[in-house]
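Order of the sequence lines fixes the chain letters, A, B, ..., with proteins taken first and strands second; residue numbering starts at 1 for each chain.
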Protein chains: 2
Amino acid sequence: MSLGSASKAINAPAAVREKTRVAVEAAVRKLGYIPDASGRALASRQSRTVGIILPTISNVVYSAFVHALHKVLAGHGYPLFVLAHEYDADLEAAYVRELIGRGVDGLVLIGTDHRAQVHDLLAASATPHIFAWSIDEAPAFNALGISNHRAMEALADYLISLGHRRLSMITGAVIGNERARARVKGLEDAVARHGASLATVLEMPLTIEGGRVGFAEWLARKDGATALVCATDLQAAGALDQARLAGVRVPQDLSVTGFDDIEFAALLSPPLTTIRMPIDQLGHDVGAALVALMQGGAPFASRELHTGLVVRASTAGPVSSPK
Amino acid sequence: MSLGSASKAINAPAAVREKTRVAVEAAVRKLGYIPDASGRALASRQSRTVGIILPTISNVVYSAFVHALHKVLAGHGYPLFVLAHEYDADLEAAYVRELIGRGVDGLVLIGTDHRAQVHDLLAASATPHIFAWSIDEAPAFNALGISNHRAMEALADYLISLGHRRLSMITGAVIGNERARARVKGLEDAVARHGASLATVLEMPLTIEGGRVGFAEWLARKDGATALVCATDLQAAGALDQARLAGVRVPQDLSVTGFDDIEFAALLSPPLTTIRMPIDQLGHDVGAALVALMQGGAPFASRELHTGLVVRASTAGPVSSPK
DNA sequence: TTGTAGGCGTTATCAT
DNA sequence: ATGATAACGCCTACAA
């Protein structure tokens with residue numbers, strides 16, 4: 001029996017006589033043969049693989065997304081390779097290169113703000129790809145996500161409707177991150193629209209610790225704000241903890257909000273008022289859209305998914321001004 | 001100029017004349033050339049890549065580990081490909097196959113309990129690999145982690161020293177998971193040693209929701225336990241939340257414990273008594289050991305890392321028996 | 001249905 | 001220091 005027949009027996013068992021198929025299967029088992037993906041990819045020009053490049057794997061909101069995405073992709077026989085660049089735009093570009101060089105059939109990127117080189121690489125290689133998460137500053141095609149701007153406006157509207165007139169914010173670094181930018185902008189716009197004021201905007205790491213440090217710094221400024229808006233639930237969790245340590249009562253002395261509605265948001269004390277990211281739906285839709293693209297579908301018009309305001313106990317009307 | 005020279009200019013810039021190097025660099029930039037990893041892997045027999053296969057990406061304790069591991073591997077120029085099998089042993093084996101087929105230079109697996117096929121694959125391909133997390137039921141070589149058994153004994157000793165005589169446990173599925181097994185066994189052994197008793201052991205998913213359901217079921221049994229030991233912080237978080245809903249006061253009516261000491265453990269209410277996993281150290285050590293292996297080092301004797309008991313407010317002596 | 005042969009993009013060997 | 005050439009393992013025509 002020839003090499004070619006063996007190849008066929010493995011990849012198209014139907015196009016081969018039962019006898020040779022069985023023979024090949026036996027040999028495979030006996031020899032512990034594992035097809036070499038490199039040879040296969042080289043010859044067939046495809047890898048049956050999709051990659052996703054995350055800002056970080058340490059924020060559960062991203063790992064929850066990977067989880068949801070994984071489910072639909074695995075159903076189509078695509079293993080999902082995960083890479084994290086830790087908010088380093090150059091590293092992200094390097095990873096895009098790496099993955100394209102590896103011949104991934106599809107690629108998922110988070111957000112819409114990437115190095116120009118990333119777009120060049122994607123275009124030159126014609127790799128099917130999706131920009132997931134955000135439609136702020138989105139290209140006309142292949143972006144699937146929420147409007148961070150609108151979501152934050154809705155949150156601000158709510159706080160202002162409670163009677164807050166002076167707000168402050170802890171955000172993440174805005175360069176290279178349109179989500180952070182749009183959240184700040186949404187808050188600014190809502191505040192301006194209502195004639196309220198934005199006292200302080202602090203840039204901190206998008207982590208629990210970042211929220212802790214941000215809260216401490218905000219407190220030291222005594223800026224008179226009665227509500228503290230955080231760019232993520234992680235930061236809000238840190239801020240809440242630091243508030244407790246500092247003796248600032250939430251929500252009596254200060255309202256605190258997050259963004260994402262991670263599972264832990266409801267378990268904090270007090271439970272966190274936040275914006276719900278439709279993570280499962282996003283994972284599902286991105287997976288489906290990517291599969292369509294990989295099967296030769298045309299680029300799709302950028303599509304918006306909707307968020308919701310989740311009111312819990314970390315917000316209330318202002319009564320006394322905080323320390 | 002020949003193809004061979006171009007290859008050298010890219011991979012060993014020092015072994016080539018400055019002039020040709022510059023020429024190649026210019027051409028690379030001009031053409032937007034990306035080396036094809038398949039061809040490269042095929043010819044060189046190595047991929048400069050390492051893979052890690054996780055039980056799940058949804059438990060922060062694993063993503064924190066990936067984060068730590070990533071840091072040391074990236075420093076050596078190895079991108080880390082992450083796969084998650086969601087506690088499906090067959091899928092894990094398939095992924096091992098997949099990664100070996102892809103020619104990863106190194107592989108990290110979680111825990112020591114894997115399909116026999118996994119060990120065969122690893123041996124046949126001579127892929128450098130490490131079993132991270134646990135030394136329970138560990139092979140003599142290449143395992144690096146904690147003793148779940150001893151850690152749980154220490155926790156149980158502590159609870160019993162508080163005066164608890166009747167304990168119950170929520171664990172994860174124990175088949176295919178030596179960590180869950182060792183944690184149950186550690187509790188059983190400590191209880192037996194002190195002449196205390198283990199009222200109920202419930203197998204639940206290793207998630208927040210699993211903890212919620214487990215708590216509800218435990219409560220319905222009215223088994224008289226005064227302390228509820230959970231196999232992970234995630235389960236404990238769910239149990240705590242469900243206790244609050246059910247009006248069971250922690251720690252007055254019931255002590256609750258976790259395992260892992262994830263960042264959120266300190267932010268729950270009440271803050272969780274738990275076992276600290278030395279995640280950063282584990283990530284660092286596993287990374288260093290794997291690099292050594294990939295550079296041709298000999299297999300290393302399995303090594304134990306140490307855990308610590310973290311006492312917070314979710315535990316206290318038994319006063320009244322719970323509802 | 002099966003065998004044969006060429007080539008995928010890269011590196012490695014060996015002369016030059 | 002460079003150029004030619006033979007692999008690497010697999011797939012895919014195409015011929016038998």
Report the distance from atom CZ of A/R102 to atom P of C/dG9, rounded to the nearest whole Å. 17 Å
With A/N148 as reference, evaluate A/E178, A/E137, A/R179, A/R183 under the side chain to side chain donor-acceptor pair (under 3.5 Å) test and give the passing residue. A/R183
Minimum-distance pair of heavy atoms, taken over all atoms of A/S302 and A/N142: OG-N, 3.9 Å
Provide, to the nearest angstrom, the distance between the CG atom belonging to B/N11 and the C1' atom belonging to C/dT10. 9 Å
Would you name the heavy atoms of A/R97 and B/I34 that are closest together and state the gap between them? O-CG2, 3.9 Å
Roughly how far apart are A/E86 CD and A/I57 CD1, rounded to 0.5 Å? 8.5 Å
Look at A/S5 and C/dT1 and indicate whether a side-chain polar atom (N or O) is within less than 4.0 Å of OP1 or OP2. no
Which protein N or O atoms sit under 3.5 Å from an N or O of nucleotides 6-9 of chain D?
residue	atom	partner	partner atom	Å
D/dC8	O2	B/A43	N	3.3
D/dG9	N2	A/G39	O	3.3

How long is the span from the OG1 atom in A/T56 to the CD1 atom in A/I110, to the nearest 0.5 Å? 11.5 Å
Kindly say if B/S7 contacts the phosphate of C/dT11, meaning a side-chain N or O under 4.0 Å from OP1 or OP2. yes
Quick check on DNA chain D: between A/Q46 and B/K8, whose nearest nucleotide comes earlier from the 5' end? B/K8
Between C1' on D/dA1 and NZ on B/K19, what's the gap in Å once rounded to a whole number? 12 Å
Just how far is it from atom CG of B/L99 to atom NE2 of B/H129, taken to the nearest 0.5 Å? 13.5 Å
